[in-house]
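All residue numbers refer to positions in the sequence shown, counting from 1. Any value given below was found using the heavy atoms of this structure, including those in side chains, with hydrogens, waters and symmetry copies removed. Whatever order the structure lists ligands and atoms in, that order sets their numbers, starting from 1.
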Amino acid sequence: MIHRNYFASDNSSGICPEAMKSLAEANQGYEVSYGEDAWTREVCDELRRLFETDCEVFFVYNGTAANSLALSALCQSYNSIICADTSHVETDECGAPEFYTNGAKLLLGKENQGKLLPESIETIFHSGRGLHFPKPAAVSITQSTELGTVYRPAELLEIYKVTKRHGLHLHMDGARLANALAFLSLTPKEITWQCGVDVLCLGGTKNGLAVGEAVIFFNKALAVDFEYRCKQAGQLASKMRFLAAPWKGLLAGGVWLKNAAHANQCAALFAAQLQTIPELEIQMPVEANAVFVKMPPRLIRALHDQGWHFYNFIGEDGVRLMCSWNTQEEDIRLFVAEIKKTLKVLS
Ligand SMILES: *Cc1c(COP(=O)(O)O)cnc(C)c1O
């Protein structure tokens with residue numbers, strides 16, 4: 001059977017040409033290892049320029065490690081981290097945040113369309129009985145969210161207010177930060193450190209890299225000894241230049257934002273086309289690069305049988321369709337046409 005993976009995830013896509021070019025350029029001769037090389041230095045400086053602030057930057061292999069190690073820098077083992085029940089750290093990291101923090105507990109807050117509610121942080125903070133409860137130390141939010149929505153600056157500031165009031169650190173899982181930026185048309189600082197984010201895990205993989213995420217500490221005091229955490233976790237690349245260099249191609253000339261904007265536009269087009277099919281129902285506002293759509297279960301089964309690969313997400317009939325930097329409009333049209341054809345056969 002042919003496997004049609006176009007819409008399963010934004011990590012089904014390949015490496016974007018600009019990142020590939022930088023990777024090839026870095027593949028010349030010898031370099032210093034473990035992050036002491038010129039490529040790594042240059043990309044760290046570029047990220048500082050982009051975020052318009054002095055910050056500490058580290059590169060790790062994937063998002064699970066980025067999030068878990070970042071959280072481990074914010075917590076003691078007796079602490080807790082408040083996050084949305086839909087968050088990647090809760091549902092998709094196999095307990096790595098708890099593992100790397102040596103036991104800090106994730107406390108699940110209420111969310112609306114993937115966005116953690118500030119009042120829920122407040123409620124959780126005041127629950128429990130003193131030292132019998134794992135002491136909240138951090139809040140973790142995802143931008144854009146796991147449900148394809150985007151926090152507005154005002155919403156981020158509401159969350160920041162609660163964290164500040166209670167002395168909690170703020171972690172942002174930015175696996176798809178670029179998609180949020182492209183949607184909001186704001187500068188990186190406006191939805192990160194200016195909204196109180198202490199540490200950001202900036203995604204590269206889904207945006208067009210082969211591998212690699214950046215952990216960016218705006219609160220530099222929290223970055224103390226972070227390189228030791230990376231090393232101990234097996235996340236310190238010896239040939240670091242190959243993790244860093246592709247970022248150069250991705251960031252130069254705003255390619256990362258162009259990639260994200262393309263993915264977002266594809267998702268918008270996708271949703272517009274799906275909306276014309278009466279048997280389907282769009283479940284979430286389409287703001288970033290995801291479309292959540294309710295389909296009759298037998299349609300889902302039939303499409304899977306035809307080789308289309310995508311995931312069930314919200315309930316048994318809610319599926320997630322992801323677009324990436326490389327999504328082709330003709331694949332969207334082909335998929336929509338197959339849905340229509342299949343529905344006719346099934347009816
Ligand atoms: C993809 C993703 C990550 C990173 O996942 P890895 O597979 O560990 O690289 C982190 N957070 C969110 C919200 C994601 O979608």
Side-chain angles (χ1 to χ4, degrees), residues 5 7-15 19 58-72 81 83-100 106 108-109 111 113-116 138-151 156 170-183 191-192 197 199-216 229-230 233-235 237 243 246-247 250 256 259-260 263-264 267 284 287-292 309-314 319-326:
N5 288 307
F7 307 120
S9 175
D10 30 3
N11 59 20
S12 319
S13 65
I15 306 171
F58 304 86
F59 297 100
V60 296
Y61 289 105
N62 59 34
T64 297
N67 284 336
S68 303
L69 290 171
L71 290 170
S72 77
I81 300 149
C83 61
D85 55 8
T86 49
S87 62
H88 197 271
V89 289
E90 160 67 7
T91 62
D92 287 286
E93 302 192 354
C94 194
E98 293 91 332
F99 178 71
Y100 280 117
L106 297 184
L108 305 184
E111 47 97 12
Q113 300 183 329
K115 299 179 196 177
L116 182 61
V139 168
S140 174
I141 54 176
T142 307
Q143 176 76 316
S144 54
T145 71
E146 285 79 0
L147 298 184
T149 53
V150 174
Y151 285 97
L156 295 173
L170 186 55
H171 163 258
M172 182 177 274
D173 175 349
R176 301 189 181 94
L177 188 85
N179 301 89
L181 284 171
F183 173 73
I191 57 167
T192 55
V197 173
V199 55
L200 166 73
C201 296
L202 177 63
T205 310
K206 287 169 179 152
N207 192 243
L209 300 186
V211 60
E213 319 277 298
V215 183
I216 303 179
R229 291 186 191 275
C230 293
Q235 288 284 326
L243 274 195
W247 280 96
L250 198 65
W256 65 312
N259 284 355
N264 292 1
M284 287 288 148
E287 297 180 339
N289 58 330
V291 182
F292 288 84
H309 183 207
F310 52 83
Y311 294 104
N312 279 48
F313 237 81
I314 307 177
V319 308
R320 185 192 74 166
L321 303 168
M322 293 301 303
C323 296
S324 73
W325 67 271
N326 197 24

Counting only nitrogen or oxygen atoms and a 3.5 angstrom limit, does [X] reach ligand 1?
{"X": "R176", "value": "yes"}
{"X": "K206", "value": "yes"}
{"X": "G63", "value": "yes"}
{"X": "D173", "value": "yes"}

Determine whether the side chain, the backbone, both or neither of E146 has a heavy atom under 4.0 Å from any heavy atom of ligand 1.
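Under 4.0 Å from ligand 1, E146 contributes side-chain atoms alone.
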Let me confirm one number: the CD-CD distance from E98 to E93, rounded to the nearest 0.5 Å.
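One gets 9.0 Å once the value is rounded to the nearest 0.5 Å.
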Give the residue and atom name of whichever protein heavy atom lies nearest to atom 5 (O) of ligand 1, and the separation in Å to one decimal.
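Nearest protein contact, heavy atoms only, for atom 5 (O) of ligand 1 is H88 CE1, 3.3 Å.
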Looking only at protein heavy atoms, which one is nearest to atom 7 (O) of ligand 1, and what is the separation?
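Protein heavy atom at minimum distance: T64 OG1, 4.4 Å.
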I'd like to check the side-chain hydrogen bond (donor to acceptor under 3.5 Å, both in side chains) partners of S87; sequence neighbours left out, ordered by chain and number.
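Partners of S87 by the side-chain hydrogen bond (donor to acceptor under 3.5 Å, both in side chains) criterion come out as none, since no residue qualifies.
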By number and element, which atoms of ligand 1 are closer than 4.0 Å to a non-hydrogen atom of A175?
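Numbered from 1, ligand 1 contributes 2 (C), 3 (C), 10 (C), 11 (N), 12 (C), 14 (C).
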Using a strict 4.0 Å cut-off to heavy atoms of T142, name the atoms of ligand 1 that fall inside it.
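Counting atoms of ligand 1 from 1, those under 4.0 Å from T142 are 13 (C).
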Donor-acceptor under 3.5 Å ([X] side chain, [Y] main chain):
{"X": "Y151", "Y": "L116", "value": "yes"}
{"X": "Q143", "Y": "V150", "value": "no"}
{"X": "R320", "Y": "A8", "value": "yes"}

D85 and E90: side chain to side chain contact (heavy atoms under 4.5 Å, CB included), yes or no, with the steps?
CA-CA 7 Å; D85 55 8; E90 160 67 7; 5.5 Å; no
For E213 and A175, work out which heavy atoms get closest and say how close.
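That closest heavy-atom pairing would be OE1-CA, 4.4 Å.
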